[in-house]
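A quick note: this is a predicted structure, and the numbers were derived from the prediction, not measured. Numbers for residues simply follow the sequence, beginning at 1.
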Amino acid sequence: MASNGQPQSDPYQSTIAPGGHVVSNLPSPARPPARRLTRRVAQLSAGLALYGASVALLVRGGLGLEPWGVLHQGLSELTGLTMGVVSIVVGAVVLLLWIPIRQRPGPGTVANVFVVGIAMDATLALVPDGHGLTVRTSLLITGIVLNGAATGLYIAARFGPGPRDGLMTGLHRLTGRSVRLVRTAIEVAVVATGFALGGTVGIGTIAYALSIGPLAQLFLRVFAIPSAGTGSTAVAAGTPARAILRR
């Protein structure tokens, strides 16, 4: 399907990063060299685990969560399930919403559903609540930075978007509305719902919203994997219609 005269990106190779930034769609070889594939799998695994751990640090900081974390915490308070289990259930439900909007998951999409939730619960079991403003602020800052690094790791691996990102890109494609508008609408809805259920909204939520886009852009460049035969790396562009290649 085309949009503005340009072909749509393959969801296995293109992902919207936080803040509406698009990762370049570059052709991948049918049989990538073993070392490149190993690196991609390692980045995906590390990125997803780190993402779950970073959200847990935000929880322990108690100064406010990222948007979907607010919803997960609110549902956890309501159901008595752990945040990790709630994250897995919500991820699976969101993935089902891909069916009517005809999104195609990649292997990283399925891994995202489970690994993030498992890593989140494991970290929550190991890290106690922060006490005192200094400790809580440190947990907040560390959580946000690690979340940006995790985003760069798993998106640069190019194994498919996470369920929530795929919902956003699918609605963007289906409605023709801007990525920023679709993302904002979804995140306002999940934050409002999560807050009503008891999720934590605070200065950390605002700090996350303001910083995660630039951090994701930075770490996408740090962890970009060169494409076979070109030496180019895929990094983020500012608009869905354009991608930037850096050598």
Straight-line distance of Leu140 CG to Leu65 CG, nearest 0.5 Å: 9.5 Å
Would you please classify the geometry between the Phe219 ring and the Phe223 ring as parallel, tilted or perpendicular, with 30° and 60° separating the classes? parallel
List the atom of Val85, the atom of Asp121, and the distance in Å for their closest heavy-atom pair. N-OD2, 3.6 Å
Grab the two heavy atoms, one from Gln103 and one from Gly166, that are nearest each other, plus how far apart they are. NE2-O, 3.0 Å
Do Leu171 and Ile186 come close enough that some side-chain heavy atom pair is under 4.5 Å? yes
Checking side chain to side chain contact (heavy atoms under 4.5 Å, CB included) for the pair Arg164/Met168: CA distance, chi angles, key distance, verdict? CA-CA 6 Å; Arg164 298 154 185 84; Met168 176 184 63; over 6 Å; no
Sorted by chain and residue number, the side chain to side chain contact (heavy atoms under 4.5 Å, CB included) partners of Ile141 (sequence neighbours excluded) come out as Thr137, Val145
When rounded to the nearest 0.5 angstrom, what is the spacing between CG in Leu58 and OG1 in Thr123? 11.0 Å
Could you check whether any side-chain N or O of Thr184 sits under 3.5 Å from a backbone N or O of Arg180, counting only pairs where one atom can act as donor and the other as acceptor? yes
Is there a path of hydrophobic side-chain contacts, each under 4.5 Å between heavy atoms of I/L/V/M/F/W/Y residues, joining Ile203 to Val70? yes
From Ser211 OG over to Leu218 CG, what is the distance, rounded to the nearest 0.5 angstrom? 12.0 Å
Can you confirm whether Leu124 sits close enough to Thr82 that some side-chain heavy atom of one is under 4.5 Å from a side-chain heavy atom of the other? no
Could you walk me through whether Val191 and Val201 pass side chain to side chain contact (heavy atoms under 4.5 Å, CB included), step by step? CA-CA 8 Å; Val191 167; Val201 176; 3.9 Å; yes
Measure the spacing between CG of Leu220 and CG of Leu153 and express it to the nearest 0.5 Å. 9.5 Å
Distance in Å, Ile144 CD1 paired with Leu63 CG, rounded so as to fall on 0.5 Å steps: 9.5 Å
For the student: nearest non-hydrogen atoms of Gly47 and Ala150, plus distance: O-CB, 3.2 Å
Output yes when a side-chain donor or acceptor of Gln73 lies under 3.5 Å from a complementary backbone atom of Thr200, and no otherwise. yes
When hydrophobic residues are tied together by side-chain contacts of less than 4.5 Å, even through go-betweens, does Leu37 share a cluster with Leu44? yes
I would like to know whether Trp68 and Val94 meet side chain to side chain contact (heavy atoms under 4.5 Å, CB included); could you show each step before the answer? CA-CA 12 Å; Trp68 285 95; Val94 171; 4.2 Å; yes
Under the rule for side chain to side chain contact (heavy atoms under 4.5 Å, CB included), what residues qualify as partners of Ser54, not counting sequence neighbours? Leu146, Asn147
Arg60 versus Val127, closest heavy-atom pair with distance: NE-O, 2.6 Å
Quick one: do Ile212 and Val222 end up in the same hydrophobic cluster if we chain Ile, Leu, Val, Met, Phe, Trp and Tyr together by side-chain heavy atoms under 4.5 Å apart? yes
Transitive ILVMFWY side-chain link Leu78 to Val190, under 4.5 Å: yes
If we only count heavy atoms from C-beta on, is the Pro161 to Trp98 side-chain gap below 4.5 Å? yes
Minimum heavy-atom separation for Arg40 and Ala157, please, with both atom names. NE-O, 2.8 Å
Hydrophobic cluster membership, Leu174 vs Leu95, 4.5 Å side-chain cutoff: yes
To the closest 0.5 Å, what do you measure between CD (Glu187) and CD (Glu66)? 8.5 Å
Heavy-atom donor-acceptor pair, Arg177 side chain to Val182 backbone, under 3.5 Å: no
So, the side chain of Arg36 versus the backbone of Ile225: is there a donor-acceptor pair under 3.5 Å, distance only? no
Validation row: Asp165, Thr109 side chains within 4.5 angstrom (heavy atoms): no
At their closest point, which heavy atom of Gly108 faces which heavy atom of Leu48, and how far apart are they? O-CD1, 4.3 Å
